Amino acid sequence: MKEMQTNWIGKSYGAEIDFEITGVPTAGQQLKVYTTRPDTIFGVDFMVIAPEHELINTITTADQQAAVDEYCTYVKSRSERERQAEKKISGCFTGAYAINPFNGVKIPIWISEYVLAGYGTGAIMAVPCGDDRDFKFAQHFNIPITNILGDAFNGEEANSTKDAKLHNSDFLNGVVMRDAIAIVNKRLEEMGIGIAKVNYRMRDAAFSRQRYWGEPFPIQWKNGTAYPLTETDLPLLLPEVDTYSPGPEGEGPLANIPDWVAKELETNTMPGYAGSSWYFLRYMDPHNEQEFCNRAVSDYWNQVDLYIGGTEHAVGHLLYSRMWTKALFDLGHIGFDEPFKKLLNQGMIQGSSRFVYRLKGTQEFISYGLIKDFETVDKLHVDVNIVDGIELDTAAFNKWKPDYAGASFQLEDGKYLCGTEVEKMSKSKFNTVNPDELVQKFGADTFRMYEMFLGPVEQSKPWDTKGIEGVHRFIKKLWRLFFDELKGKVWNEEAPTAAELKVLHKAIKKTQDDTERFSFNTAVSGFMICVNELADLKCNKRAVLEPLLILVTPYAPHVAEELWSLLGNTSSILDAAYPVFDPSHVVESAKEYPVSINGKVRTNLLISLDATEAEVQELVLANELVQKWVEGKSLKKFIFVKGRMINLVI
RNA sequence: GCCUUGGUGGUGGAACUGGUAGACACGCAGGACUUAAAAUCCUGUUCGCAGCAAUGCGAGUGCGGGUUCGAUUCCCGCCUGAGGCACCA
């Protein structure tokens, strides 16, 4: 996550260096390159400039003019996509040379599309022995390679290390590369031909959307120039509209409002992250007419405790939110420079897709197990709702789409079997399931709890309703502790027993711990255990059930609230005090210890937790089964971990 | 190619600091209630071998090694799934 953000920002430390250019029609020109490795300056064997670089026009020699023109035309003919996809090595020599400022060596200047115009200066110094791309380029065009790495360079592939000692590097010989960077930078600055520089990756982040729902820009256009509204005209509110359809010529819906257009107001609106980057601050002080949030108020509420979001927000919402917060912090408007205390990445619920295989050019469908016998089949997504497991309902398939009305099938064992794949859930993949049906059948609480019960929140997994019955049974069982189908109300005001209090307080502890560490699936299983045990104890006592309901509330809020009110409570369960764990209810006096002999469990012994190690050893050795194993051998070691286990080494 | 993660029964998963692997649930099998079904309840369910049985023995957390009295957990090497990054000099 942090790495994604780091990559997105793309901060790099390097240097800009000016090189004299020689052997060209127009004298006195300089080539400015950006490099993160000034230490490798004695290994520069050629320069590369981007095909869009402006120097091309003035440094290309007459001899090379035709070749350069041809190359630039070729590059223009290739789309961005092509350039990304097929990474062909291509380039062209300009005929010009740069001069290495330290040793006067003439360095040929090449053009290649592997250098991007938009980053750094659009020009690089190429060091083939230290950079993979430069190395491949040099090999491809037979450019001699200078080795400044000594034994660290094998001549077969580039080595990008910073830890080697420099060779062939004049005043840097023997210096570790990492340390040489600062030395070179200092020299360059003294010579007035270079400067240490931090670079960022530029992003095309359009802060503008052609839609209605977003903050309107307080911008007014006059003769094609944008002017900000004066402060007295703020806030600028979205106008009421009847329709959200796009404006003429693909503009935003605001372009449909005559009044808005007449005032020449900007018709685009701000993107989602404009408001979502700081709305949590406004929530703290929503009615403040003077400022976005009073400092005393934000000091009181402080940071957001928990941010739950998928990784897709890493470089979207989360990153911008952090940036805005840092800016507001620097300006002194808030007292913290990170918006969120804690981050939780929930996993994605994926879809489980099903496929059918159509013989090319026909309406004949081949069952999954048979497709290897055919050469050309089309693999097509099929609606998961007409597939039972992996068996296709062929009649439903015929009805699914008009095209398939006349489809025929090649079956295996009388069935048409589908292929499967786990993918992102998507309508286009026909693997979506509608939660409404499940909510209608089982209720929202069951649905909610089942999602939690599926497994750890941060894990992605395919949606599968196989176990939902179990959660639903649990909720019904919880209900039956209060109301019996035949007898009606069964809950009572009797005083709880020690055993019942133990069950309750075990549950309080477990829910607390598991919720704290976002282990919702195990918390749900804890509730199941608690309800199972209370049912076994036939406990229908209010004194136990009421606290349990409060624990359950975040997990099954509707049922909890309903039962809470049926118990006669007049205020919401959301306002009830959270139960306090009392360890005295769950203390054990004895433990059923597993007794291992050489690491294998051979028996269990119930032993008091008060017993000393010597007493335990005596008890264990007296045991018949243990004696059988120990017989004839000597006890080498006795391991006793109080409250855990016993191990005998013989 | 680089980085981050995961791999445990038929299935989803549990085991929090190295201490009884498989909690809880699904599914399956058998049983109770019922004219029947639904609902509910009870019993069993990692695999293999032996036994009428209670039970016993052995193997077992992707694979191969190591550390340890003891490893799903720690270390080394490998296989494999998922996600992200990738001409950024």
Side-chain angles (χ1 to χ4, degrees), chain A residues 1-4 6-8 10-12 14-15 33-38 40 47-48 50 83-84 87 89 112-116 118-127 130-134 136-137 160 199-202 310-312 314-315 345 347-348 350 422 424 450 453-456 458-462 464-474 476-477 480 484-486 510 513-514 516-517 519 521-532 535-536 591-604 636-650:
Chain A
M1 179 63 106
K2 273 203 178 140
E3 197 194 325
M4 283 168 76
T6 306
N7 288 340
W8 180 264
K11 186 176 187 178
S12 72
V33 304
Y34 176 73
T35 179
T36 55
R37 298 296 301 274
T40 62
M47 299 286 181
V48 186
R83 283 174 67 165
Q84 297 268 337
K87 291 175 182 172
I89 297 173
S112 175
E113 60 179 350
Y114 87 87
V115 170
L116 308 175
Y119 184 78
T121 60
I124 64 157
M125 53 178 231
V127 182
D131 183 283
D132 191 46
R133 292 155 304 175
D134 298 345
K136 287 189 176 132
F137 193 87
S160 62
N199 237 321
Y200 297 92
R201 204 161 169 171
M202 295 310 283
T311 43
E312 70 272 21
V315 293
N345 280 137
M348 197 190 290
Q350 298 156 313
V422 171
K424 210 167 165 171
Y450 179 59
F453 190 58
L454 269 178
E458 59 293 345
Q459 234 163 68
S460 284
K461 54 184 74 72
D464 186 352
T465 56
K466 241 184 337 207
I468 198 167
E469 285 282 350
V471 174
H472 193 234
R473 276 177 207 148
F474 157 77
K476 286 194 284 188
K477 199 163 180 178
R480 284 199 304 272
D484 185 280
E485 258 176 85
L486 302 169
K510 177 138 184 77
D513 292 350
D514 288 355
E516 197 65 41
R517 61 188 179 107
S519 180
N521 55 328
T522 52
V524 172
S525 106
F527 289 134
M528 290 173 169
I529 292 168
C530 177
V531 166
N532 286 347
D536 288 344
K591 154 96 189 165
E592 175 110 349
Y593 282 95
V595 180
S596 303
I597 287 147
N598 287 339
K600 282 189 198 303
V601 181
R602 296 300 177 184
T603 186
N604 289 295
K636 291 206 186 92
K637 204 167 178 184
F638 183 82
I639 295 145
F640 171 63
V641 183
K642 201 179 179 81
R644 288 285 185 187
M645 45 65 70
I646 293 160
N647 189 19
L648 281 73
V649 186
I650 55 173

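Because the structure is predicted, anything quoted here is derived from the model rather than measured. Residue numbering restarts at 1 for every chain, and letters A, B, ... go by the order of the sequence lines.
The shortest distance between side-chain heavy atoms of A:Asp131 and A:Phe137 does not fall below 4.5 Å.
Within 6.0 Å of CD in A:Glu516 there are 12 or fewer heavy atoms belonging to other residues, nucleotides or ligands. Environment of NZ in A:Lys136: sparse, with no more than 12 heavy atoms of neighbouring residues, nucleotides or ligands closer than 6.0 Å.
When both distances must be under 3.5 Å, the Watson-Crick or G-U wobble mate of B:U72 does not exist. In this entry B:G77 has B:C63 as its Watson-Crick or G-U wobble partner, both defining distances falling under 3.5 Å. Across all strands shown, B:A89 forms no Watson-Crick or G-U wobble pair with both key distances under 3.5 Å. Across all strands shown, B:G31 is found opposite B:C41 as a Watson-Crick or G-U wobble partner, with both distances under 3.5 Å. For B:U20, there is no paired base (Watson-Crick or G-U wobble, both distances below 3.5 Å). The partner of B:G83 is B:C3, by the rule that a Watson-Crick or G-U pair needs both atom distances under 3.5 Å. Under the Watson-Crick or G-U wobble criterion, with both distances below 3.5 Å, B:G9 has no partner in any strand shown. For B:G56, the paired nucleotide is B:C49, the pair qualifying as Watson-Crick or G-U wobble because both relevant distances are below 3.5 Å.
OP1 or OP2 of B:A14 lies within a sub-4.0 Å distance of a side-chain N or O belonging to A:Asn521. The side chain of A:Arg644 contributes no N or O atom lying less than 4.0 Å from OP1 or OP2 of B:G18. Checking the phosphate oxygens (OP1, OP2) of B:A89, a side-chain nitrogen or oxygen of A:Tyr119 falls inside 4.0 Å. Taking side-chain N and O atoms only, A:Arg602 has a distance below 4.0 Å to OP1 or OP2 of B:G58. Between A:Asn345 and B:U5 there is no side-chain N or O to OP1 or OP2 distance below 4.0 Å. For B:G13, one of the phosphate oxygens OP1 or OP2 lies less than 4.0 angstrom from a side-chain nitrogen or oxygen of A:Gln459. For the OP1/OP2 pair of B:A89 and a distance below 4.0 Å, the side-chain nitrogens and oxygens of A:Ser12 include at least one atom meeting the criterion. For B:C24, the OP1/OP2 oxygens have no side-chain nitrogen or oxygen of A:Lys510 closer than 4.0 Å. Phosphate proximity of B:C26 to A:Arg473: present, with a side-chain N or O under 4.0 Å from OP1 or OP2.
A distance of about 46 Å separates the P atoms of B:C79 and B:G30, rounded to the whole Å. Comparing the P positions of B:A15 and B:A23 gives a spacing of 13 Å, expressed to the nearest Å. To the nearest whole angstrom, the two C1' atoms, one in B:G7 and one in B:A14, are 16 Å apart. Here the separation of B:G48 from B:A86, taken at their C1' atoms, is 50 Å to the nearest Å. When the C1' atom is used for both B:U55 and B:U5, the distance is 44 Å, rounded to whole Å. Nucleotides B:G65 and B:U73 place their P atoms 15 Å apart, quoted to the nearest Å. Going from the C1' atom of B:C76 to that of B:A71 covers 15 Å, rounded to whole Å. Nucleotides B:G60 and B:G70 have their P atoms positioned 15 Å apart, rounded to a whole Å.
Protein atom NZ of A:Lys461 is 12 Å distant from nucleotide atom P of B:G7, rounded to whole Å. One can place CD of A:Glu469 at 8 Å from P of B:U40, the figure rounded to the nearest angstrom. Summarising the geometry, the separation between CZ on A:Phe474 and P on B:U40 is reported as 14 Å, rounded to the nearest angstrom. For the pair A:Asp484 CG and B:C41 P, the interatomic distance rounds to 12 Å; values are reported in whole Å. The CZ-C1' distance, from A:Phe638 to B:G70, rounds to 14 Å in whole Å. Rounded to a whole Å, the CG atom of A:Asp513 is 15 Å from the C1' atom of B:A14. Counting to the nearest Å, the C1' atom of B:A15 and the CZ atom of A:Arg517 are 10 Å from each other. Following rounding to the nearest Å, A:Arg480 (CZ) and B:U40 (C1') show an atom-to-atom distance of 6 Å.
Among the heavy atoms of the strands lying under 4.0 Å from A:Ile639 is at least one base atom, whether or not backbone atoms are also near. Residue A:Lys600 is in sugar-phosphate contact alone, with no base atom involved, counting any heavy-atom pair closer than 4.0 Å across all strands shown. A:Phe527 comes within contact range of no nucleotide atom at all, as no heavy-atom separation falls under 4.0 Å. Within the 4.0 angstrom heavy-atom criterion, only backbone atoms of the sugar-phosphate kind lie near A:Lys476; the bases stay farther away. Base contact: A:Glu592 has a heavy atom under 4.0 Å from a base atom. Residue A:Asn532 is in sugar-phosphate contact alone, with no base atom involved, counting any heavy-atom pair closer than 4.0 Å across all strands shown.
With respect to the salt-bridge test (charged N to carboxylate O, under 4.0 angstrom), the residues A:Asp514 and A:Arg517 qualify.
Rounding to the nearest 0.5 Å places CE of A:Met47 at 9.0 Å from CD1 of A:Ile124. The distance from the CD atom of A:Glu113 to the CD1 atom of A:Ile89 is 11.0 Å, given to the nearest 0.5 Å. One distance of note links CD of A:Glu592 with OG1 of A:Thr603; it measures 8.0 Å at 0.5 Å rounding.
Among the nucleotides B:C24, B:U11, B:A89, the one closest to the side chain of A:Ile529 is B:C24. The A:Met645 side chain lies nearest to B:G19 when the options are B:A89, B:G19, B:A21. For A:Lys466, counting side-chain heavy atoms from C-beta on, the closest listed nucleotide (B:C24, B:C26, B:C42) is B:C26. Set against B:A89, B:C24, B:U20, the side chain of A:Phe453 has B:C24 as its closest nucleotide. Set against B:U20, B:A89, B:A14, the side chain of A:Ile124 has B:A89 as its closest nucleotide. Of the listed nucleotides (B:G19, B:U40, B:A14), B:G19 has the atom at the smallest distance from the side chain of A:Asn647.
A donor-acceptor contact closer than 3.5 angstrom links the side chains of A:Lys477 and A:Asn532.
Ring-plane geometry between A:Tyr34 and A:Tyr119 is classed as perpendicular, the angle between the planes exceeding 60 degrees on a 0 to 90 degree scale with a lower cut at 30.
Using a 90° window around 0 for the glycosidic torsion, B:G9 falls inside it and is classed as syn.
If A:Val601 and A:Thr36 are placed on RNA chain B by their nearest nucleotide, the residue sitting closer to the 5' end is A:Val601. In terms of position on RNA chain B, the residue among A:Lys477 and A:Ile468 whose nearest nucleotide sits closer to the 5' end is A:Ile468.
Each of A:Val601, A:Ile646, A:Leu648 was evaluated against A:Ser596; a single residue qualifies, A:Val601, per the side-chain contact (heavy atoms from CB on, under 4.5 Å) test.
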